[in-house]
Colleague: 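I'd like to ask you about the structure that follows.
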Amino acid sequence: SGSTRKHVLKALRQVEEREFPALLVRIDSPGGTVGDSQEIHKALLRLREKGCHVVASFGNISASGGVYVGVAAEKIVANPGTITGSIGVILRGNNLSKLLERIGIRFETVKSGTYKDILSPDRALTDEERALLQSLIDSSYSQFVNAVSEGRQLDPQTVREFADGRVFTGAQAKEIGL
């Protein structure tokens, strides 16, 4: 959550200010938002640029945003049974329009722009809205793939071959170079 991000970034600033030569980052997380993960990822890269060696240690689970953060490290260590991966981006909404209609609830919407009520639960997405959201997801996904590619020195196409949302054990992740 944003609170976790704040605590982590504060701790990383302290590491930077004290000029520690190395940092072991323990990650035990099912994931998080793209923005929070990117901020922590960038902070770890800044530490590395300043000469701090960064090692990520994956706990029971380090998936999605946990991977995003972890690939900023020089080295990742994990148990063979650690659950990791889940590289991808998702955005979900609920279309409750039929249920709302059945129980007699109808929304009246006044909005400032065409897309202001995108993902509103009282209606389906339009084709244009779906395309706009897919573009957003595709952009975030490409950023994620590039972070993994750069962090693990893998070709982006190689990353895309396994970055389809599936999870791996630590042993499987090691085999594919993650």
Side-chain angles (χ1 to χ4, degrees), residues 1-9 12 25 27-46 56 58-73 76 78 82-101 107 109-170 172-178:
S1 73
S3 172
T4 299
R5 176 189 49 81
K6 288 176 189 172
H7 290 299
V8 170
L9 291 174
L12 294 177
V25 180
I27 303 170
D28 205 336
S29 170
T33 62
V34 173
D36 285 355
S37 301
Q38 285 179 328
E39 278 193 68
I40 297 168
H41 178 267
K42 282 258 194 238
L44 290 173
L45 290 178
R46 276 194 306 274
F58 286 179
N60 291 318
I61 184 168
S62 183
S64 196
V67 171
Y68 207 126
V69 169
V71 297
I76 297 172
T82 293
I83 301 300
T84 190
S86 188
I87 298 167
V89 182
I90 187 170
L91 176 65
R92 296 179 74 172
N94 297 305
N95 179 356
L96 305 175
S97 59
K98 291 197 187 302
L99 173 65
L100 295 170
E101 184 179 311
F107 287 89
T109 304
V110 178
K111 56 188 179 177
S112 60
T114 304
Y115 300 109
K116 189 61 185 163
D117 66 337
I118 202 166
L119 287 177
S120 183
D122 64 320
R123 63 179 183 79
L125 288 171
T126 66
D127 290 341
E128 293 82 16
E129 290 170 332
R130 185 171 301 281
L132 181 123
L133 292 175
Q134 188 62 58
S135 173
L136 177 100
I137 294 300
D138 292 345
S139 175
S140 293
Y141 174 72
S142 290
Q143 294 168 41
F144 198 166
V145 166
N146 289 336
V148 173
S149 171
E150 291 169 13
R152 300 299 90 190
Q153 290 86 46
L154 295 169
D155 181 72
Q157 186 53 43
T158 300
V159 174
R160 286 180 188 277
E161 289 171 11
F162 62 78
D164 56 10
R166 75 182 109 165
V167 294
F168 308 99
T169 66
Q172 291 170 324
K174 183 177 180 181
E175 286 178 27
I176 62 172
L178 180 58

Colleague: Test side-chain contact (heavy atoms from CB on, under 4.5 Å) on Ile76 and Arg152 and set out the steps.
Modeller: CA-CA 9 Å; Ile76 297 172; Arg152 300 299 90 190; 3.6 Å; yes
Colleague: Roughly how far, to the nearest 0.5 Å, is CZ of Arg160 from OG1 of Thr158?
Modeller: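 Thr158 OG1 to Arg160 CZ: 11.5 Å, rounded to 0.5 Å.
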Colleague: Could you tell me whether the side chain of Ser149 and the main chain of Leu154 form a donor-acceptor pair under 3.5 Å?
Modeller: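 Answer holds: yes.
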Colleague: If you count the non-hydrogen atoms of other residues, nucleotides and ligands that lie under 6.0 Å from CD in Glu161, is the total more than 12?
Modeller: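 Check passes, neighbour count above 12.
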Colleague: Under 4.5 Å between any side-chain heavy atoms of Val8 and Val69, yes or no?
Modeller: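 The answer is no; the side chains never approach within 4.5 Å.
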Colleague: Between Pro30 and Ser64, which heavy-atom pair has the shortest distance, and what is it?
Modeller: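 Looking at all heavy atoms of both residues, the closest pair is O-CB, 4.0 Å.
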Colleague: Testing the basics here: between Ile27 and Ser62, what is the closest heavy-atom pair and its distance to 0.1 Å?
Modeller: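 Shortest heavy-atom separation between Ile27 and Ser62 comes out as CG2-OG, 3.3 Å.
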Colleague: How far does OG1 of Thr4 sit from CG of Asp36, to the nearest 0.5 angstrom?
Modeller: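 Nearest 0.5 Å value for the OG1-CG distance: 8.0 Å.
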Colleague: At their closest point, which heavy atom of Phe162 faces which heavy atom of Ile87, and how far apart are they?
Modeller: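 Smallest interatomic distance, heavy atoms only, reads CE1-CD1, 3.9 Å.
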Colleague: How many angstroms lie between atom CZ of Phe144 and atom CD1 of Ile137, to the nearest 0.5 angstrom?
Modeller: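 That separation rounds to 12.5 Å.
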Colleague: Does Ile61 offer a backbone N or O that forms a donor-acceptor pair with the side chain of Asp28 under 3.5 Å?
Modeller: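 Answer holds: yes.
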Colleague: How many angstroms lie between atom CD of Glu39 and atom NZ of Lys6, to the nearest 0.5 angstrom?
Modeller: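 Going from the CD atom of Glu39 to the NZ atom of Lys6 covers 10.5 Å.
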Colleague: Considering residues at least two apart in sequence or located in another chain, which fulfil the salt bridge (charged side-chain N to carboxylate O under 4.0 Å, His left out) criterion with Asp117?
Modeller: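 Once residues adjacent in sequence are excluded, the partners of Asp117 under the salt bridge (charged side-chain N to carboxylate O under 4.0 Å, His left out) criterion are Lys111, Arg123.
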Colleague: Does a side-chain heavy-atom distance below 4.5 Å link Glu175 with Phe168?
Modeller: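 When only atoms from C-beta onward are counted, Phe168 and Glu175 do not touch, as no gap falls below 4.5 Å.
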Colleague: How far apart are the closest heavy atoms of Tyr68 and Ser37, and which atoms are they?
Modeller: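 Nearest heavy atoms, Tyr68 then Ser37: CB-CB, 3.9 Å.
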Colleague: Hey, could you give me the CG/CD1 distance between Leu125 and Ile118, rounded to the nearest 0.5 Å?
Modeller: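 Rounded to the nearest 0.5 Å, the CG-CD1 separation comes to 6.0 Å.
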Colleague: Stepwise, does the side-chain hydrogen bond (donor to acceptor under 3.5 Å, both in side chains) test hold for Asp138 with Gln134?
Modeller: CA-CA 6 Å; Asp138 292 345; Gln134 188 62 58; 2.7 Å; yes
Colleague: Taking all atoms of both residues into account, what is the closest heavy-atom pair of Asp122 and Ser97, and its distance?
Modeller: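 So the two residues come closest at O-CB, 3.2 Å.
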Colleague: Would you say Asn95 has more than 12 foreign heavy atoms packed within less than 6.0 Å of its CG?
Modeller: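 Yes, enclosed.
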Colleague: Heavy-atom count around Arg166 CZ within 6.0 Å, excluding the residue itself: above 12?
Modeller: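 Correct, the count exceeds 12.
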Colleague: Nearest 0.5 Å, what's the CD-CG distance between Glu129 and Leu119?
Modeller: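 The CD atom of Glu129 sits 8.0 Å away from the CG atom of Leu119.
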Colleague: Tell me the closest heavy-atom pair linking Leu100 and Phe107, and the distance in Å.
Modeller: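 Distance-wise, the nearest heavy atoms are CD1-CE1, 3.5 Å.
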Colleague: Does any N or O in the side chain of Asn94 come within less than 3.5 Å of the main-chain N or O of Leu96, such that one atom is a donor and the other an acceptor?
Modeller: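 Answer holds: no.
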